[in-house]
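Presented below is the structure to which this report refers.
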Amino acid sequence: MKNNFMKKSIFVIQKHDATTLHYDFRIEVDGVLKSWAVPKGPSLNPKDKRLAIMTTDHKMSYAKFEGVIPEGEYGAGVVMIWDKGTYKNIKETDGKIVPIKKCLKEGRAEIFLDGEKLKGGFALIKMKNSDKNWLLIKMKDEFADARRNPVSSEPRSAVTSRTLKEIEKDVK
Ligand code: MN
């Protein structure tokens, strides 16, 4: 019997030093990576509302990319896999999980991340009167932590432990 019920979907956060440094937050939805650019990166403090600008869907294979996008190409700059793992859709209405596609269409998703740096529930909430501006907010749970700031305290790759500078140097 085909049963995708237990299949976990992946997420990846790529630290991307392009025109400006940002974090590309990507989640697997129906075979593509739905993507948001988060200028300040994720926060574990539920009081922080991090701007997350929806960008184009990426191919699943892009989740494994760490390296340098050459000058002249879209997104030119260094890309690091800053965090990766799986996520679970936890958005419920009347005790039932709302399909993630519906959540995204309605502008409110709640996902539970099981990454190497990030764990716990995060909400993605679309801003009113905006096409592409969302907010990424840590939900209140046991993993919320206003003192821990992994964006600054854990700057290295989740895959290779390299810094952005080391990734850049390795391709030269
Ligand atoms: Mn980017």
Side-chain angles (χ1 to χ4, degrees), residues 8-45 48-87 89 100-101 103-105 107-127 129-138 148-172:
K8 282 189 182 155
S9 303
I10 66 147
F11 86 91
V12 64
I13 300 173
Q14 283 154 318
K15 190 172 174 178
H16 186 188
D17 193 8
T19 316
T20 54
L21 180 72
H22 59 274
Y23 293 75
D24 288 301
F25 185 83
R26 310 186 196 277
I27 62 171
E28 175 186 2
V29 175
D30 281 355
V32 296
L33 294 168
K34 290 284 168 192
S35 302
W36 292 260
V38 184
K40 291 184 175 175
S43 170
L44 299 181
N45 184 347
D48 289 337
K49 296 177 171 67
R50 292 288 162 89
L51 177 65
I53 304 148
M54 197 171 228
T55 57
T56 51
D57 294 351
H58 277 56
K59 288 182 186 169
M60 286 300 295
S61 57
Y62 195 72
K64 296 208 166 104
F65 180 74
E66 179 169 278
V68 176
I69 301 172
E71 287 289 326
E73 283 184 28
Y74 178 73
V78 188
V79 177
M80 169 201 290
I81 298 173
W82 182 76
D83 198 13
K84 67 178 179 73
T86 57
Y87 80 90
N89 175 15
I100 188 80
K101 269 193 138 173
C103 292
L104 295 178
K105 207 174 156 192
R108 189 179 178 104
E110 294 172 9
I111 57 180
F112 190 96
L113 302 182
D114 185 11
E116 297 184 21
K117 292 173 181 148
L118 301 186
K119 287 196 188 348
F122 283 80
L124 275 159
I125 298 162
K126 194 175 180 189
M127 291 169 77
N129 308 316
S130 174
D131 261 3
K132 54 184 183 129
N133 290 350
W134 294 59
L135 297 171
L136 176 67
I137 306 166
K138 179 75 197 73
R148 199 179 138 223
N149 182 12
V151 163
S152 58
S153 63
E154 299 173 62
R156 289 170 179 270
S157 166
V159 178
T160 61
S161 295
R162 294 181 296 176
T163 61
L164 280 171
K165 278 207 171 93
E166 286 164 351
I167 294 167
E168 185 176 26
K169 200 179 65 193
D170 284 351
V171 298
K172 279 181 182 159

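Model, not experiment: these values are computed from the prediction. Only this structure's heavy atoms are used, side chains among them; waters, hydrogens and symmetry mates stay out. As the structure lists them, so they are numbered: ligands from 1, and atoms in each ligand from 1. We're numbering straight along the sequence, starting at 1.
Summarising the local packing, NZ of Lys84 is surrounded by 12 or fewer heavy atoms from other residues, nucleotides or ligands at distances under 6.0 Å.
Around the Mn ion (ligand 1), protein N, O or S atoms at less than 2.8 Å comprise His16 ND1, His22 NE2, Asp24 OD2.
Within the 3.5 Å criterion, the main-chain N or O of Glu28 finds a donor-acceptor partner in the side chain of Tyr87. Judged purely by atom type and a 3.5 angstrom limit, Asp83 uses its side chain to pair as donor or acceptor with the backbone of Leu118. In this structure a side-chain-to-backbone donor-acceptor pair under 3.5 Å is missing from Trp82 to Val151. With hydrogens and angles ignored, the 3.5 Å screen pairs no side-chain donor or acceptor of Arg26 with any backbone N or O of Val12.
Seen from the ring of Tyr23, Lys15 does not count as a face-on cation partner, given the 6.0 Å and 45° thresholds.
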